[in-house]
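Being a predicted model, the structure only gives us computed values, none of them experimental. Position 1 is the first residue of the sequence; numbering continues from there.
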Amino acid sequence: MTYWVQNPWGRRENVKIHVLNRSPDPVSGVRLMLHVNDRPAFMQLDNVPPCADIVYPAPSLLLGTADTPRADRPKLSDPAFRWAVTFMYFIDSNGNDWTRTSTGLDERAPLPRTTMENPIGQGIGHIAVFEEQVGEAGLCEGRGK
């Protein structure tokens with residue numbers, strides 16, 4: 001499992017977040033942690049299918065709480081927001097917890113329960129996903145590509 005941010009032509013409306021699973025097994029509990037204007041935020045992706053490259057265009061990622069109407073949620077691509085992905089958390093098919101950062105992959109303890117169950121109450125923003133593009137991951141382990 002890995003992630004990266006693609007920024008073609010340096011334009012905010014073209015920014016995309018990629019999440020890649022090259023394993024032949026699905027991965028669960030996937031959460032991307034971000035900093036948006038120096039505040040923590042997250043995208044909860046739940047399950048990522050095997051051998052998948054999922055792309056999330058920044059204009060389709062909306063900030064807000066679970067009870068904020070979609071029309072009232074600003075886009076992550078709006079110029080008012082400075083953001084970066086800080087790490088990805090996931091659970092492998094054997095039930096092991098992992099954290100992927102820009103510098104490595106570490107097995108670790110699960111995220112704190114309060115973060116997993118009530119992130120808004122902990123001062124962490126939620127990023128709702130309203131569009132994703134799922135493609136096949138090249139060089140997928142076990143598929144011989």
Side-chain angles (χ1 to χ4, degrees), residues 1-23 25-93 95-141 145:
M1 285 290 297
T2 193
Y3 68 89
W4 72 92
V5 176
Q6 177 186 9
N7 188 1
W9 310 293
R11 297 179 61 178
R12 296 177 74 82
E13 65 271 15
N14 295 326
V15 174
K16 299 174 183 173
I17 299 173
H18 287 255
V19 174
L20 183 67
N21 178 10
R22 284 199 174 127
S23 165
D25 298 314
V27 177
S28 63
V30 179
R31 186 174 281 222
L32 283 178
M33 301 302 289
L34 295 87
H35 266 88
V36 179
N37 291 351
D38 299 321
R39 294 194 63 220
F42 74 92
M43 288 172 53
Q44 186 165 334
L45 309 179
D46 295 320
N47 298 314
V48 175
C51 300
D53 179 7
I54 304 176
V55 180
Y56 302 93
S60 73
L61 302 175
L62 307 181
L63 297 168
T65 62
D67 57 352
T68 305
R70 182 176 177 176
D72 295 339
R73 291 177 174 229
K75 296 177 182 178
L76 191 62
S77 60
D78 287 351
F81 300 113
R82 296 176 328 278
W83 61 273
V85 179
T86 53
F87 69 89
M88 176 173 56
Y89 167 84
F90 62 94
I91 302 168
D92 69 18
S93 60
N96 299 315
D97 300 286
W98 294 89
T99 300
R100 163 76 69 190
T101 66
S102 62
T103 59
L105 177 66
D106 295 311
E107 190 170 9
R108 59 168 246 152
L111 288 174
R113 200 164 178 75
T114 54
T115 301
M116 295 297 281
E117 292 176 351
N118 189 14
I120 302 306
Q122 300 300 313
I124 297 175
H126 179 261
I127 299 171
V129 176
F130 286 101
E131 179 186 342
E132 64 183 23
Q133 301 154 355
V134 181
E136 187 171 329
L139 301 171
C140 184
E141 180 182 309
K145 288 189 176 185

For [X], side chain to side chain contact (heavy atoms under 4.5 Å, CB included) partners two or more places apart:
X: Pro74; value: Leu63, Asp78, Phe81
X: Asp92; value: Asn94, Asn96, Trp98
X: Thr86; value: Met33, His35

If every non-hydrogen atom of [X] is compared with every non-hydrogen atom of [Y], which pair is closest and at what distance?
X: Ser93; Y: Asp25; value: OG-OD2, 3.4 Å
X: Ile91; Y: Gly29; value: CD1-CA, 4.5 Å
X: Ala52; Y: Val48; value: CB-CG1, 4.4 Å
X: Leu32; Y: Leu34; value: O-CD1, 3.5 Å
X: Thr101; Y: Tyr3; value: C-OH, 3.6 Å
X: Pro49; Y: Ile54; value: CD-CD1, 4.0 Å

Ring pair (Phe, Tyr, Trp, His ring centres under 6.0 Å) with His18: which residues, sequence neighbours excluded?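 Scan of His18 (ring pair (Phe, Tyr, Trp, His ring centres under 6.0 Å), adjacent residues dropped) gives Trp4.
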Is there a side-chain contact between [X] and [Y] (heavy atoms, below 4.5 Å)?
X: Ser102; Y: Val85; answer: no
X: Arg22; Y: Asp53; answer: no
X: Met43; Y: Val19; answer: no
X: Trp83; Y: Val15; answer: yes
X: Pro50; Y: Pro26; answer: yes

Interatomic spacing from CE in Met88 to CD1 in Ile17 - rounded to 0.5 Å: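 Atom-to-atom, Met88:CE and Ile17:CD1 are 11.5 Å apart.
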Just how far is it from atom CG of Asn21 to atom CE of Met1, taken to the nearest 0.5 Å?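 Spacing of CG (Asn21) from CE (Met1) equals 5.5 Å.
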Partners of Asp38 by salt bridge (Lys or Arg N to Asp or Glu O under 4.0 Å), sequence neighbours excluded?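 Asp38 satisfies salt bridge (Lys or Arg N to Asp or Glu O under 4.0 Å) with Arg82 once adjacent residues are dropped.
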For Thr2, what residues pass the side chain to side chain donor-acceptor pair (under 3.5 Å) criterion, not counting sequence neighbours?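 Per chain and number, Thr2 pairs via side chain to side chain donor-acceptor pair (under 3.5 Å) with no residue.
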Strictly distance-based, threshold 3.5 Å: is any side-chain N or O of Asp106 a donor or acceptor partner for the main-chain N or O of Thr99?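 Between the backbone of Thr99 and the side chain of Asp106 there is no qualifying donor-acceptor contact (under 3.5 Å).
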